[in-house]
J.: 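Input: one structure, supplied below.
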Amino acid sequence: MVPAEKHGRTAAVVSKWDYAPAPEAKDIVKIQDRYGLFIGGKFVEPLSKQHYTTIDPAHEEPLAEVAQAGKADVAKAVRAAREAYATTWSKLRPSERAKYLYRIARILQERAREFAVLESRNGGKPIRESRDVDLPLAAAHFFYYAGWADKLEYAFPNRKPRPIGVAGQIIPWNFPMLMLAWKIAPALAAGNTVVLKPAETTPLTALLFCDVLRQAELPPGVVNIVTGDGRTGAEIVAHPDVNKIAFTGSTEVGKAIQRALAGTGKRLTLELGGKAANVVFDDAPLDQAVEGIVNGIYFNQGHVCCAGSRLFVQESIYDAIISKLKRRMSTLRVGDPLDKNTDVGAINSKMQLDKITSLVQSGIDEGAEIYQPPCKLPERGYWFVPTVFTNVAQSYRIAQEEIFGPVLSVLTFRTPDEAVEKANNTPYGLSAGVWTEKGSRILAMAQRLKAGVVWANTYNRFDPTSPFGGYKESGFGREGGLHGLEPYLAFDE
Ligand code: NAI
Ligand code: MG
C-alpha cells in the first residue's frame, strides 16, 4: 500500500483489511437442463408444450428451462390433487399425515445446504440469509405443523375440524422455499391436498422440493407443483374444483383474485404488500436500533413484504441516528450472493430493478435527499445500492408506495401521537417496529399501530408458532401458529 504521505495527505488510517472471497460451492446442487410439471407424484411434460428460461439474476445467466403450465395442465394437477384427497390423504390417520410432514422437515434439514445454494442462485439472495433464515425456518414450519396434524381436536376444541379439499397456492419470489413451507405445511397437516405455483422467476427450489417429496414417499398427488407465470396462477384461481386459494404477492393481483372469487364460495387468504413504519423513540438504544433499521430494510435486498421501509425518528435523536445509519450502511457488502460475506445480494429480476429505479427517481424528483454509500457493483447482473432518503414528505411516492427494494425513507415525529398518526397513514397494514426502553410505551404503540405484526426492539423476526398477516390492503387471513391452520379447516358447528 502506498503511504498516504506521498500524496501530501495526512492519513489517519493507513491499514486496510478486507474480506477474502468466501464463495459457497455451486456443485453441491445439480440443476437439470429442463423441468416438467410435478403432477400425481411424477414429473410430466406440460400439455402446453411451452417452456421458458429461468436465470441467475446475479450473472444474467440461464439456469434451466422450466414449464409454462396451461389450462389443461392446471386441470390435470387439480384432478390429481382431488383424487389423492378423496382416496388417500383425507382418509389417513392424522398421525400418519404427521409422519410424512416430519419426514419432509427432516429431509429439508439434511439437504438444507443444497437448497440454500439453489435459492441464492435462482433468486439472488445472500447465501448467509438462505442458509441461516430461509431454510431453517422452512424446515421449522414443517416440524411445527407436523405436531398439530394429530391434535386438531385439541387445537379447536368442540369444533370438529375437518379438511376442506384441494388448496390452490400461489407464492412470490422473495422467499420461495419459506413461502412454500408456509403454504404446504398447514394445508397438509389439516388433511388437504395442494396445487402450488412458485413465482416465475424462482421455480427451482420448488422443483427440487419434489425430490424431497419422493424421498419422503408422500402419496402421489398430495402435492402438485405447476410452474408458469401469472397466467398459470389465474388458471388455478379460476378452476372450479379448487376449494381454497392462498395467495402471497402484490396487492394488485390480490384484488384481482378477490374479484374473481367473489360469489364462488371458494375460501381465500391474501398476504399482500406493505409499507411498514419502524418507529424509533429517543430513549431507544441507538446502536441496537440502527442494526434493526438496517436489518428491517436491507435484509433480502428489501424484497420483503414486511420490510421497515418507512423509518420514523423522534426529532431529538434525528442527527445521531442518521449519522450512525450512514456509517453502518458504508459497511454493507453488496455482491455475489454465493459469497458468505455478502450482506446485500442481487435484485431478483430486471422488472423489479426497473421498478426500484423509477421509484427512487421519483423520490429525487419530488425533492427528497438521497444518500448511497460508495459501493462498487458487479458489472453484470441486477444490482441496487442500499439507499436512504431524508427530507421525505408523507405525500411523496417513496413514502406511500411499496418499493420492494433496498430503499429507506426517513421521516420524523415529536410525540407518540404524531408517530401513530403518521405510521398509520398508509393503505397498508402488515407490520411495524417500535424502539423504546419503555415497556408501557411498547404496549400502547402496539395497540394503536394498525399492523398485523408489531416488533419491539427487534425487526423481521419469524417463528412458526406466531401468526403473520395484514390489515387493510395488506390482505386478510393469518399464516403461522394455530391461526394458520384455520383457513384450511371446516368446522361442524
Ligand atoms: P405478483 O403479485 O404479480 O406475483 C406473485 C405471484 O402471483 C407469482 O407467482 C405470479 O406468477 C402470480 N400471479 C401474477 N398474476 C396473477 C394472476 N392474475 N392470478 C394469479 N396469480 C398471479 O407480483 P410481482 O409482479 O412479481 O411483483 C410486483 C410487486 O408486488 C413487487 O414490486 C412488490 O411490490 C409486490 N410483491 C409483494 C410480495 C409480498 O410478499 N407481499 C411478493 C412479491 C411481490
Ligand atoms: Mg405481477
Side-chain angles (χ1 to χ4, degrees), residues 52 54 57 66-69 71 74 122-125 134 168-176 178-180 182-183 195-203 205-206 225-239 242 245-261 266 268-276 299-307 309 347-360 382 384 397-398 400-407 426-431 451-453 460 462 468-477 479:
Y52 68 93
T54 185
V66 174
Q68 165 71 38
K71 186 179 175 126
V74 168
N122 199 193
K125 65 172 64 200
D134 297 61
Q169 307 183 317
I170 300 162
I171 59 172
W173 41 264
N174 50 346
F175 294 93
L178 186 56
M179 291 301 104
L180 174 149
W182 280 26
K183 297 282 182 284
V195 175
L196 176 134
K197 189 192 86 62
E200 52 269 43
T201 57
T202 54
T205 45
I225 307 279
V226 291
T227 51
D229 60 17
R231 290 168 295 173
T232 310
E235 293 296 348
I236 297 176
V237 171
H239 195 291
V242 168
I245 295 290
F247 173 78
T248 299
S250 62
T251 295
E252 183 197 351
V253 172
K255 286 180 180 176
I257 292 177
Q258 193 172 12
R259 276 194 295 272
L261 291 192
K266 281 184 207 167
L268 177 64
T269 45
L270 295 174
E271 204 266 88
L272 309 176
K275 191 74 186 174
F299 174 65
N300 200 32
Q301 298 73 247
H303 300 328
V304 184
C305 46
C306 51
S309 53
I347 299 302
N348 183 266
S349 66
K350 173 80 168 49
M351 190 187 90
Q352 191 58 31
L353 180 59
D354 291 345
K355 175 178 167 180
I356 297 167
T357 308
S358 92
L359 273 162
V360 164
Y382 311 133
F384 204 88
R397 288 182 64 197
I398 54 168
Q400 289 292 329
E401 294 178 34
E402 183 177 53
I403 302 175
F404 226 61
V407 182
T426 164
Y428 295 111
L430 192 54
S431 61
V453 177
N460 272 343
F462 293 93
F468 181 89
Y471 279 81
K472 302 194 282 185
E473 293 207 0
S474 293
F476 49 79
E479 297 184 290

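Both counts, for ligands and for their atoms, begin at 1 and track the order of listing.
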J.: Compare all side-chain heavy atoms of Pro176 with those of Ile171 and state whether any distance is below 4.5 angstrom.
T.: no
J.: Looking at every non-hydrogen atom in both residues, tell me the closest pair between Glu200 and Gly230 and how far apart they are.
T.: OE2-N, 4.1 Å
J.: Taking side chain to side chain contact (heavy atoms under 4.5 Å, CB included) as the test, write out the residues that go with Ser474, two or more places apart.
T.: Tyr428, Leu430
J.: Quick one about Thr248 and Lys183 (side-chain donor to acceptor, distance below 3.5 Å, no hydrogens or angles considered), yes or no?
T.: yes
J.: Give me the pairs of N or O atoms, one from ligand 1 and one from the protein, that sit under 3.5 Å apart.
T.:
from: ligand 1; atom 1: 2 (O); to: Ser250; atom 2: N; distance (Å): 2.8
from: ligand 1; atom 1: 2 (O); to: Ser250; atom 2: OG; distance (Å): 2.6
from: ligand 1; atom 1: 9 (O); to: Ile171; atom 2: O; distance (Å): 2.8
from: ligand 1; atom 1: 9 (O); to: Lys197; atom 2: NZ; distance (Å): 3.0
from: ligand 1; atom 1: 11 (O); to: Lys197; atom 2: NZ; distance (Å): 2.8
from: ligand 1; atom 1: 11 (O); to: Glu200; atom 2: OE1; distance (Å): 2.6
from: ligand 1; atom 1: 11 (O); to: Gly230; atom 2: N; distance (Å): 3.4
from: ligand 1; atom 1: 19 (N); to: Ala234; atom 2: N; distance (Å): 3.4
from: ligand 1; atom 1: 26 (O); to: Trp173; atom 2: NE1; distance (Å): 2.6
from: ligand 1; atom 1: 32 (O); to: Gln352; atom 2: OE1; distance (Å): 2.8
from: ligand 1; atom 1: 32 (O); to: Gln352; atom 2: NE2; distance (Å): 3.1
from: ligand 1; atom 1: 32 (O); to: Lys355; atom 2: NZ; distance (Å): 2.7
from: ligand 1; atom 1: 34 (O); to: Lys355; atom 2: NZ; distance (Å): 2.8
from: ligand 1; atom 1: 34 (O); to: Glu402; atom 2: OE1; distance (Å): 2.7
from: ligand 1; atom 1: 40 (O); to: Asn174; atom 2: ND2; distance (Å): 3.4
from: ligand 1; atom 1: 41 (N); to: Gly249; atom 2: O; distance (Å): 3.3
from: ligand 1; atom 1: 41 (N); to: Leu272; atom 2: O; distance (Å): 2.8

J.: Quick one: does Ile245's side chain get under 4.5 Å of Leu261's, heavy atoms only?
T.: yes
J.: Is the distance between the ring centroids of Trp182 and Phe468 under 6.0 Å?
T.: yes
